[in-house]
Amino acid sequence: MTDIFAAMRAEVQAALAALLPGLDPAIAARVEVSPTRDPAHGDMATNAAMVSARAAGRKPADLAAALATALTASAAIAEATPAGPGFVNLRLRPVALRAVLPAILRAGIAYGDGAAGGGQRVNVEYVSANPTGPLHIGHCRGAVVGDALARLLAKVGYDVTREYYINDAGAQVAALAWAAYWRYLQAIGTPLTEEEFAAEVPGGLQYRGEYLIDIGTALARAHGERLATATKGIAAPERWIDTVRDHTIAAMMAAVREDLAALGVAQDVFSSERALVVSGAADTLIERLRGDGLIYEGVLEPPKGKTPDDWEPRPQTLFRATQFGDDVDRPLRKSDGSNTYFANDIAYHADKIDRGFTLLIDVLGADHGGYVSRLRAAVKAVSHGAATMEAVLCQIVHVVKNGQPVRMSKRAGSYVTLRDLIDEVGRDAVRFTMLTRKADAQMEFDLDAVVAQTRDNPVFYVQYAHARCRSVLRAGAEMFGPAATADAALAAVPLDTLAAEPELAVIRRLAAWPRTVEAAALAREPHRIAFFLYDLAADFHMLWNRGKDDATLRFLQPDRHADTMARLALIAATATAIRSGLAVMGVDPVEEMR
RNA sequence: GGACCCGUAGCUCAGCUGGAUAGAGCGCUGCCCUCCGAAGGCAGAGGUCGUACGUUCGAAUCGUAUCGGGUCCGCCA
């Protein structure tokens, strides 16, 4: 048991059960053992007396007193005192508290792993950008949040699959094919001007970015002039559109994967919307829902207070989303007879359910917030309640440089691609910074601040703590030899000299890591990991700084071997916990600051 | 008109799913380096947690209402 909070909770529950034999298990389950806010209150506190007082018909304070007396008998507890409205504060025997250090050193980076996920199969879908252009900074947040969430869920025992849904079936992909075709015609030397070409494109020429030039060149190399007319003009679309579209999507997805790889993100599965349509899976699913009586032809009311100009009532194929908690029934067919995005997305989520996932987590942009309720309804309907769908919404990121906002326009220059961002500040800084805000809170990404070497930059502050740990361990290895300072050796070292308050503060923080991981995973909030690491780093730097005022608190004391080894164990455990946390964030720890 | 998200210190944000005197960084004020651990450190001021009711032993946290900001609202994805 490496989670001493869980261990103490079990002891409290046992003591409570002995005190109140008939206690409802549901109440016992509400017992918590949590860190105290104030060290003066001890190491931990439990609410056991307060949650069970009513059912027991006793006053919380009396029950707390009785519980405190009972807990005093525990081998791990030095002192148990009733406090406040019915808390029982626990001060652990230093031996019990320090025991987390060897536990960490033995567990290594696996420290904090848990079983709360119970092996449940969960699919985390994230990024899922249109393959119509390079990934930009908006996609970046979803990529980092999704990836970190997947790692976090895996750490607490979920069976996680990471997935990317390629939106390659809609009108935008047709527009992309036309745009690539334009670059192809240019590559073979068409006499057409861009305006002349654009005039012939249904819906106009939409994607004018330079990133399609290479694709046009590649098409020309592979197909010569066969995709154009004899005069290098626009051929009938059926002669080229499949070829151009497929080539372009493949090329864009290759670029997307490269960008993701540069960010350290690698999904396990890439699913194609187009494949669902082509295979007929989408239509089959719609018919299945129709068989369940969940589809009908009907007319929707226009949204109140905001009627579109071109609104006219029209019968549509509708899914009975309102039966599953949505506000309005949702259309599945466009007026041209093709499926709406939602229709295909139902089929896609049904496919995930068929593949055995019982928890579907979609990491979406906040502009998709209005889409969540219909999707959740669809998942409920398709799985007959066996699967649940959750959404993690990522709010917009504003990029700031030199105090000035960087505009997000697809037109020249000011478009911030994911690659630009990584090149500018580095992969680890991007990832860490993206996790320093709750996903559903807006974020300002200050390009200058994330590379600043100051305390208010958590990336630096946490890495600096790890580098300092490693530096001390290197010096320790010089002094005592590498064998003596290896984790396995330090795990066996006597620790009773670790008694100074700043040392205990670090130990208490380290002890809280498993419960922090579990809570973050259950709340689907990977940003909590970043905040934990910042707090741990702060505790560690404080300990380091004590050495400046009081030389006896410096880590390496050549003439006091036992003290030094104990401190090295503390430092090695700290470094391990930092690495454990950074691993969840997908950030590489550094050995030294440069 | 409706749905979802957000309102916490001057600023940027945490707050462990209902717990004790609401925290951190920046900024501000005052101290602390001849050198050996100052890319800093210590201390302090600063908040009726948007507002009002309610739920209960107890609310920043849950509910209702309301104000303010954001996102979205049939054939975009």
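Chain letters run A, B, ... following the sequence lines, proteins first and then strands; every chain starts at 1. Only a predicted model underlies this, so the values are computations on that prediction, with no experimental measurement involved.
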At under 4.0 Å, does any side-chain N or O of A/H398 touch on OP1 or OP2 of B/U12?
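Answer is no, no contact under 4.0 Å.
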
Below 4.0 angstrom, which residues in residues 444-454 of chain A have at least one non-hydrogen atom near RNA chain B?
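Heavy-atom cutoff 4.0 Å gives A/Q453, A/T454.
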
For A/D446, all residues meeting side chain to side chain contact (heavy atoms under 4.5 Å, CB included), sequence neighbours excluded
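Per chain and number, A/D446 pairs via side chain to side chain contact (heavy atoms under 4.5 Å, CB included) with A/V400, A/D448, A/A449.
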
Not counting sequence neighbours, which residues clear side chain to side chain contact (heavy atoms under 4.5 Å, CB included) with A/R91? List them please.
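A/D43, A/E79.
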
Toward the 5' end of RNA chain B, by each residue's nearest nucleotide, A/P60 or A/A366
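With A/A366 and A/P60 compared, the 5'-side residue is A/P60.
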
Sequence neighbours excluded and cut-off under 3.5 Å, please list the side-chain donor-acceptor pairs for residues 363-374 of chain A, or say none.
{"from": "A/Y371", "atom 1": "OH", "to": "A/D345", "atom 2": "OD2", "distance (Å)": "2.9"}
{"from": "A/S373", "atom 1": "OG", "to": "A/D326", "atom 2": "OD1", "distance (Å)": "2.8"}

Output one line per pair: protein atom, nucleotide atom from nucleotides 2-4 of chain B, and distance, for all N/O pairs under 3.5 Å.
none

Measure centre to centre between the rings of A/Y165 and A/Y348, then say whether the value is under 6.0 Å.
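Between A/Y348 and A/Y165, which both carry aromatic rings, the centre distance is below 6.0 Å.
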
In whole angstrom, give the distance that lies between atom CZ of A/R30 and atom C1' of B/G58.
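Result: 12 Å.
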
CZ of A/R437 versus P of B/G70: gap in Å, rounded?
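One finds 19 Å between P of B/G70 and CZ of A/R437, rounded.
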
Any base atoms under 4.0 Å from A/M50, or only sugar-phosphate, or nothing? Heavy atoms, all strands.
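Here A/M50 touches the bases of the nucleic acid.
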
Roughly how many Å apart are B/U64 and B/G18, using the P atom of each and rounding to a whole number?
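So the two P atoms sit 16 Å from each other.
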
Using the 3.5 Å cut-off, write out each protein N or O paired with an N or O of nucleotides 20-30 of chain B and the distance between them.
{"from": "B/A20", "atom 1": "OP2", "to": "A/R37", "atom 2": "NE", "distance (Å)": "3.4"}
{"from": "B/A20", "atom 1": "OP2", "to": "A/R37", "atom 2": "NH2", "distance (Å)": "2.2"}
{"from": "B/A20", "atom 1": "N6", "to": "A/N89", "atom 2": "OD1", "distance (Å)": "2.4"}
{"from": "B/A20", "atom 1": "N1", "to": "A/N89", "atom 2": "OD1", "distance (Å)": "2.9"}
{"from": "B/A20", "atom 1": "N1", "to": "A/N89", "atom 2": "ND2", "distance (Å)": "3.0"}
{"from": "B/G25", "atom 1": "OP1", "to": "A/R455", "atom 2": "NH2", "distance (Å)": "3.4"}

Could you check whether the side chain of A/Y464 and the base of B/A39 have a donor-acceptor pair of N or O atoms closer than 3.5 Å, going by distance alone?
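Such a pair exists between side chain and base.
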
